[in-house]
Undergrad: 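Here it is, the structure in full.
These numbers come from a predicted model, not from an experiment.
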Amino acid sequence: QVQLVESGGGSVQAGGSLRLSCAASGLTFEKYELGWFRQAPGKERDFVAVISWNGVSTYYADSVKGRFTISRDNVKMTVYLQMSSLKPEDTSAYYCAAILLEGAPFLATTSPDEYDYWGQGTQVTVSS
């Protein structure tokens, strides 16, 4: 069974940093692009960042560009989201997701509807 498990969430003050991790199992890790999304209760799930199968290419939402960094380790089968200069509006549940490559080198998919697998989420709370 494919499993994605997020960790690293918590509560921080505005301006602080957190690093989220997502450990994958049950899939051929390098065949998937990995993305991060966030969703507050009752709200839509929003794209945050995505990284290509080899970690060379990345794409970020404008709201986090310059503050967040996505990376992956294909040996550890883990994707990371380093979050810096956190703002109260970053408060959300954060989810990692995997989308299967279908021949393209970098899908850079921002729609959650297109992703194949999801983690359970980890809460990030940023206080002012």
Side-chain angles (χ1 to χ4, degrees):
Q1 289 283 85
V2 173
Q3 189 172 35
L4 303 175
V5 181
E6 301 97 333
S7 61
S11 298
V12 297
Q13 294 187 27
S17 300
L18 284 173
R19 189 181 77 159
L20 306 183
S21 299
C22 174
S25 61
L27 53 74
T28 304
F29 193 70
E30 68 272 15
K31 290 186 177 181
Y32 291 82
E33 290 182 8
L34 277 298
W36 284 97
F37 293 77
R38 59 189 183 186
Q39 185 175 25
K43 302 295 181 63
E44 298 295 321
R45 188 165 295 189
D46 293 328
F47 168 77
V48 175
V50 62
I51 189 166
S52 64
W53 72 274
N54 58 2
V56 171
S57 300
T58 59
Y59 182 71
Y60 298 90
D62 288 342
S63 59
V64 306
K65 193 173 299 181
R67 300 188 298 119
F68 291 10
T69 301
I70 188 171
S71 61
R72 68 188 290 169
D73 186 330
N74 284 358
V75 175
K76 296 181 179 179
M77 295 181 61
T78 301
V79 62
Y80 305 93
L81 186 68
Q82 176 66 50
M83 306 183 295
S84 300
S85 301
L86 283 163
K87 305 174 181 179
E89 52 262 45
D90 295 320
T91 296
S92 189
Y94 283 73
Y95 299 85
C96 66
I99 180 169
L100 180 65
L101 294 171
E102 298 179 5
F106 187 39
L107 298 175
T109 302
T110 61
S111 173
D113 296 334
E114 301 297 326
Y115 282 76
D116 299 298
Y117 302 106
W118 292 87
Q120 83 289 347
T122 185
Q123 180 67 36
V124 172
T125 301
V126 184
S127 60
S128 60

Undergrad: Report yes if some heavy atom in the side chain of Phe106 is under 4.5 Å from a heavy atom in the side chain of Val50; otherwise report no.
TA: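 Yes, at least one pair of side-chain atoms sits under 4.5 Å.
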
Undergrad: How long is the gap from OG on Ser25 to CD on Gln1, to the nearest 0.5 Å?
TA: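 Spacing of OG (Ser25) from CD (Gln1) equals 9.5 Å.
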
Undergrad: Tell me every residue that passes side-chain hydrogen bond (donor to acceptor under 3.5 Å, both in side chains) with Ser52, counting only those two or more places apart in sequence or in another chain.
TA: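 By the side-chain hydrogen bond (donor to acceptor under 3.5 Å, both in side chains) rule, Ser52 matches Asn54.
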
Undergrad: Strictly by disulfide (SG to SG under 2.5 Å), give each pair with a member in residues 46-88 just once, sequence neighbours left out.
TA: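 For residues 46-88, and leaving out neighbouring residues, there are no disulfide (SG to SG under 2.5 Å) pairs at all.
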
Undergrad: Is there a chain of hydrophobic side chains (I, L, V, M, F, W, Y, each step under 4.5 Å between heavy atoms) that links Leu34 to Met83?
TA: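 Yes: a chain of side-chain contacts under 4.5 Å links Leu34 to Met83.
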
Undergrad: Please determine whether residues Tyr117 and Met77 belong to a single hydrophobic cluster, defined as Ile, Leu, Val, Met, Phe, Trp and Tyr linked transitively by side-chain heavy-atom distances below 4.5 Å.
TA: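 As far as the 4.5 Å side-chain criterion goes, Met77 and Tyr117 are connected within one cluster.
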
Undergrad: Do side-chain atoms of Tyr60 reach the backbone of Arg67 as a donor and acceptor pair under 3.5 angstrom?
TA: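 Such a contact is absent between Tyr60 side chain and Arg67 backbone.
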
Undergrad: In terms of hydrophobic clustering (I, L, V, M, F, W, Y; side-chain heavy atoms under 4.5 Å; direct or indirect links), are Val124 and Trp118 co-clustered?
TA: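 No, no single cluster joins them.
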
Undergrad: Scan the side chains in residues 4-13 for donor-acceptor partners under 3.5 Å anywhere in the protein, sequence neighbours excluded, and list what turns up.
TA:
| residue | atom | partner | partner atom | Å |
| --- | --- | --- | --- | --- |
| Glu6 | OE1 | Gln120 | N | 2.9 |
| Glu6 | OE1 | Gln120 | NE2 | 3.3 |
| Glu6 | OE1 | Gly121 | N | 2.8 |
| Glu6 | OE2 | Cys96 | N | 2.8 |
| Glu6 | OE2 | Gly121 | N | 3.3 |

Undergrad: Provide the closest heavy-atom pair for Ala14 versus Pro88 in the form atom of the first, atom of the second, distance.
TA: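 The answer is CB-CD, 4.1 Å.
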
Undergrad: Considering residues at least two apart in sequence or located in another chain, which fulfil the ring-ring contact (aromatic ring centres under 6.0 Å, His included) criterion with Tyr59?
TA: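 Applying ring-ring contact (aromatic ring centres under 6.0 Å, His included) to Tyr59 gives Phe47.
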
Undergrad: Please enumerate all residues that pass ring-ring contact (aromatic ring centres under 6.0 Å, His included) together with Tyr94, with sequence neighbours excluded.
TA: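 Counting only residues at least two positions away or on another chain, Tyr94 forms no ring-ring contact (aromatic ring centres under 6.0 Å, His included).
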
Undergrad: Can you measure from CG (Asp116) to CG (Leu101) and round to the nearest 0.5 angstrom?
TA: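 With rounding to 0.5 Å, CG (Asp116) is 10.0 Å from CG (Leu101).
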
Undergrad: Using the test salt bridge (Lys or Arg N to Asp or Glu O under 4.0 Å), find all partners of Asp113 that sit at least two apart in sequence or belong to another chain.
TA: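 None.
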
Undergrad: Of the non-hydrogen atoms in Thr58 and Ile51, which two are nearest, and what is the gap between them?
TA: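 The answer is CG2-CG1, 3.8 Å.
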
Undergrad: Measuring from atom OH of Tyr115 to atom CG of Leu100, what distance do you get when rounded to the nearest 0.5 angstrom?
TA: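 It comes to 12.0 Å.
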
Undergrad: Going by the salt bridge (charged side-chain N to carboxylate O under 4.0 Å, His left out) test, which pairs reach into residues 26-39, not counting sequence neighbours?
TA: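 For residues 26-39: Arg38-Asp90.
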
Undergrad: With rounding to the nearest 0.5 angstrom, report the CD1 to CD distance, Ile70 to Gln82.
TA: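 If I round to the nearest 0.5 Å, the distance is 12.0 Å.
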
Undergrad: Side-chain contact test, heavy atoms from C-beta onward, threshold under 4.5 Å: evaluate it for Tyr80 versus Thr69 and give yes or no.
TA: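 A side-chain contact is absent here, since even the closest heavy-atom pair is not under 4.5 Å.
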
Undergrad: Just to verify, what does Lys43 make a salt bridge (Lys or Arg N to Asp or Glu O under 4.0 Å) with, not counting sequence neighbours?
TA: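 Residues passing salt bridge (Lys or Arg N to Asp or Glu O under 4.0 Å) with Lys43: none at all.
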
Undergrad: Find out whether Tyr95 and Leu20 are in side-chain contact, i.e. whether some heavy atom of one side chain is under 4.5 Å from a heavy atom of the other.
TA: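 Answer no - side chains too far apart.
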
Undergrad: State which residues pass side-chain hydrogen bond (donor to acceptor under 3.5 Å, both in side chains) with Gln39; sequence neighbours excluded, sorted by chain then number.
TA: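 Checked Gln39 against side-chain hydrogen bond (donor to acceptor under 3.5 Å, both in side chains); matches are Arg45.
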
Undergrad: Heavy-atom distance under 4.5 Å between the side chains of Phe68 and Trp36, does that happen here?
TA: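 They are not in contact (no side-chain heavy atoms under 4.5 Å apart), so the answer is no.
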
Undergrad: Are any side-chain N or O atoms of Thr91 and backbone N or O atoms of Val126, one a donor and one an acceptor, separated by less than 3.5 Å?
TA: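 Flag set: sc Thr91 to bb Val126 pair under 3.5 Å.
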
Undergrad: Please list, chain by chain and in numerical order, all residues satisfying side-chain hydrogen bond (donor to acceptor under 3.5 Å, both in side chains) with Asn74, sequence neighbours excluded.
TA: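 Applying side-chain hydrogen bond (donor to acceptor under 3.5 Å, both in side chains) to Asn74 gives Arg72.
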
Undergrad: Val2 and Phe29: same hydrophobic cluster, using ILVMFWY side-chain contacts below 4.5 Å?
TA: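 Linked, Val2 and Phe29 end up in one cluster.
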
Undergrad: Would you find a donor on one side and an acceptor on the other, under 3.5 Å apart, between the side chain of Ser84 and the backbone of Ser17?
TA: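 Between the backbone of Ser17 and the side chain of Ser84 there is no qualifying donor-acceptor contact (under 3.5 Å).
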
Undergrad: With sequence neighbours left out, which residue pairs that include part of residues 119-128 fulfil the salt bridge (charged side-chain N to carboxylate O under 4.0 Å, His left out) condition?
TA: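 Passing the test, one end in residues 119-128: no pairs.
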
Undergrad: Run the salt bridge (Lys or Arg N to Asp or Glu O under 4.0 Å) test against Arg19 and tell me which residues pass, sequence neighbours left out.
TA: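 With neighbours one apart ignored, the set is empty.
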
Undergrad: Does one hydrophobic cluster hold both Val79 and Leu27, with members joined at side-chain heavy-atom distances below 4.5 Å?
TA: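 The answer is yes; both residues are in one hydrophobic cluster.
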
